[in-house]
Amino acid sequence: MSINVRGIEFQANLDNPMGLEFYNLSHRFGFQSPNWPYFEDVKIERIHYMAKSGVLSQRITTSMHNTTHIDAPAHVVEDTPFIDEVPLPHFFGTGIVVSIPKNYWEPITYDDLEKAAGKAVRPNDVVIVNTGWHHKYRDSEEYFCKCPGFVPSAGDWFVEKKVKVVGHDTQANDHPLATAIGPHRNGPLHPHLADEYKKWSGGRDWKEDHPEWEPVHRKLFTNGILGIENVGGDLDAVTGKRVTFAFFPWNWDRGDGCIIRLVAMIDKSQKYRIEDGASFGPGA
């Protein structure tokens with residue numbers, strides 16, 4: 001089956017000659033993309049456009065931590081690999097999409113992961129967690145500051161299970177109050193949340209529950225596990241399933257991370273095969 005896009009015929013995501021189903025798990029990037037609280041806004045300029053030049057060329061100014069993206073270990077841990085230094089197998093592979101519904105500020109723990117996926121996860125899996133929070137993705141304090149998040153015991157689970165990549169449908173692979181949004185490093189970016197958290201928690205200080213700065217990031221990265229943030233798109237369509245993922249970043253020298261097109265693929269017929277590298281010559 002083909003689809004018509006602006007007068008051009010293309011293969012369809014779910015019905016194509018390869019017999020594969022492709023699911024987009026990325027949020028859109030572009031003008032006024034939702035952004036982490038202290039990042040500069042995305043800027044997109046048309047350097048050339050049709051009326052002027054007969055071609056369209058654009059210039060983009062952005063952080064690589066906007067929309068759906070992957071972090072390099074060097075983003076958080078000094079003297080660890082940059083994105084161009086990570087071997088290519090770490091941007092491709094099989095894995096699972098796990099449903100762990102959570103409300104605001106709720107922790108995602110070792111026990112949550114073990115209950116949801118302990119019998120399904122395999123070594124070297126890509127594990128994507130669907131909390132339902134991707135439905136709230138927008139320029140809001142709710143999405144960036146009050147989302148649920150992984151706590152250190154979750155990091156222990158990923159390391160114990162020897163997974164390859166971790167993805168999450170919120171703004172960070174740590175609880176937001178273990179980042180600069182809370183009382184850590186250059187924070188708090190939102191000081192008023194201290195009182196709100198005390199009311200939400202029944203009287204505990206946010207430093208009691210989140211004493212460390214980005215502990216899950218650091219636990220993952222020092223164990224060779226990469227992290228994808230702001231997963232979205234068709235995430236619900238593949239939740240509870242084992243799929244194949246692809247999410248290659250730019251070959252960016254000393255890159256701290258990269259915006260990606262995270263794609264899940266399903267081969268229901270099991271007829272598609274990656275080529276074996278056989279040589280061909282003229283007239284073959």
Side-chain angles (χ1 to χ4, degrees), residues 13-14 19-27 68-71 86-103 106-135 147-175 215-217 219-248 260-274:
N13 287 342
L14 304 183
L20 303 178
E21 295 180 358
F22 293 84
Y23 295 88
N24 166 57
L25 305 189
S26 296
H27 290 297
T68 308
H69 64 276
I70 190 165
D71 289 346
V86 177
L88 296 176
H90 292 264
F91 308 114
F92 179 85
T94 60
I96 55 177
V97 182
V98 183
S99 176
I100 305 180
K102 290 287 181 176
N103 293 315
E106 288 185 337
I108 301 169
T109 67
Y110 181 107
D111 291 342
D112 290 328
L113 289 160
E114 183 63 23
K115 181 179 179 181
K119 295 181 179 179
V121 69
R122 303 170 185 169
N124 295 311
D125 265 353
V126 177
V127 177
I128 306 294
V129 175
N130 180 353
T131 67
W133 214 255
H134 59 286
H135 294 293
C147 59
F150 296 130
V151 294
S153 68
D156 293 335
W157 188 89
F158 293 125
V159 172
E160 179 183 304
K161 300 300 184 181
K162 297 181 171 60
V163 307
K164 183 161 65 175
V165 179
V166 171
H168 195 218
D169 66 341
T170 75
Q171 54 84 34
N173 279 315
D174 257 294
H175 194 282
V216 181
H217 276 80
K219 197 177 293 274
L220 296 179
F221 293 162
T222 55
N223 283 279
I225 302 171
L226 302 186
I228 301 172
E229 299 171 338
N230 295 319
V231 177
D234 298 321
L235 182 61
D236 292 338
V238 292
T239 296
K241 297 181 179 180
R242 176 165 287 279
V243 301
T244 297
F245 297 98
F247 43 94
F248 294 98
I260 55 172
R261 188 74 176 268
L262 173 60
V263 177
M265 293 167 281
I266 295 175
D267 179 10
K268 288 184 176 178
S269 70
Q270 291 293 287
K271 293 180 180 179
Y272 187 83
R273 292 291 181 268
I274 294 175

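By convention here, the first residue in the shown sequence is residue 1.
Heavy atoms only, all atoms of each residue included: H134 and G232 are closest at CB-CA, 4.0 Å. For the pair P148 and N103, the tightest heavy-atom approach, listed with the atom from each and the gap, is CB-O, 3.6 Å. The shortest heavy-atom contact between G155 and V216 is CA-CG1, 4.2 Å. When all heavy atoms of A116 and V98 are compared, the closest pair comes out as CB-CG1, 3.4 Å. Shortest non-hydrogen contact noted between D169 and G132 is OD2-N, 3.0 Å. Residues T68 and S26 approach most closely at OG1-CA, 3.3 Å, considering heavy atoms.
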Q: Give the intermediate values and the outcome of side chain to side chain contact (heavy atoms under 4.5 Å, CB included) for residues F91 and I260.
A: CA-CA 10 Å; F91 308 114; I260 55 172; over 6 Å; no
Q: In sequence, state the C-alpha distance, the side-chain angles, and the governing distance for N173 and D71, and then conclude on side chain to side chain contact (heavy atoms under 4.5 Å, CB included).
A: CA-CA 10 Å; N173 279 315; D71 289 346; 5.6 Å; no
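The CD1 atom of I70 lies 13.0 Å from the CG atom of N230; values are rounded to the nearest 0.5 Å. Here CD1 of I100 is found 11.0 Å from OG1 of T239. Values are rounded to the nearest 0.5 Å. Note: F247 CZ to I128 CD1 = 7.0 Å, rounded to the nearest 0.5 Å. Distance check: F92 CZ to M265 CE gives 5.0 Å after rounding to the nearest 0.5 Å. If you take OG1 on T244 and CG on L20, they are separated by 9.0 Å, rounding to the nearest 0.5 Å. Interatomic distance, L25 CG to I228 CD1, rounded to the nearest 0.5 Å: 9.0 Å.
Annotation: side chain of V151 is not in contact with side chain of Y110 (no heavy-atom distance under 4.5 Å). A heavy-atom distance below 4.5 Å is found between the side chains of Y23 and L14. By the 4.5 Å heavy-atom criterion applied to side chains, H168 and I108 are counted as neighbours. Between K102 and T170 the shortest side-chain heavy-atom distance does not fall below 4.5 Å.
For F158, the ring-ring contact (aromatic ring centres under 6.0 Å, His included) partners are F150, not counting sequence neighbours. Under the ring-ring contact (aromatic ring centres under 6.0 Å, His included) criterion, H27 pairs with Y137, not counting sequence neighbours. Every residue meeting the ring-ring contact (aromatic ring centres under 6.0 Å, His included) condition with F221, not counting sequence neighbours, appears here in chain and number order: H217.
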Can you list, pair by pair, the side-chain donor-acceptor contacts under 3.5 Å of residues 119-126, counting residues two or more places apart and other chains?
unit_1	atom_1	unit_2	atom_2	d
D125	OD1	R242	NH1	3.0
D125	OD2	R122	N	2.8
D125	OD2	R242	NH2	2.8

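Listed by first then second residue, pairs satisfying side chain to side chain donor-acceptor pair (under 3.5 Å) with a partner in residues 150-159 read E114-W157, D156-K219, not counting sequence neighbours. Applying the salt bridge (charged side-chain N to carboxylate O under 4.0 Å, His left out) test to pairs two or more places apart or on separate chains, those with a residue in residues 263-272 are E21-K268.
One side chain, E229 or H69, offers a donor N or O that lies under 3.5 Å from an acceptor on the other.
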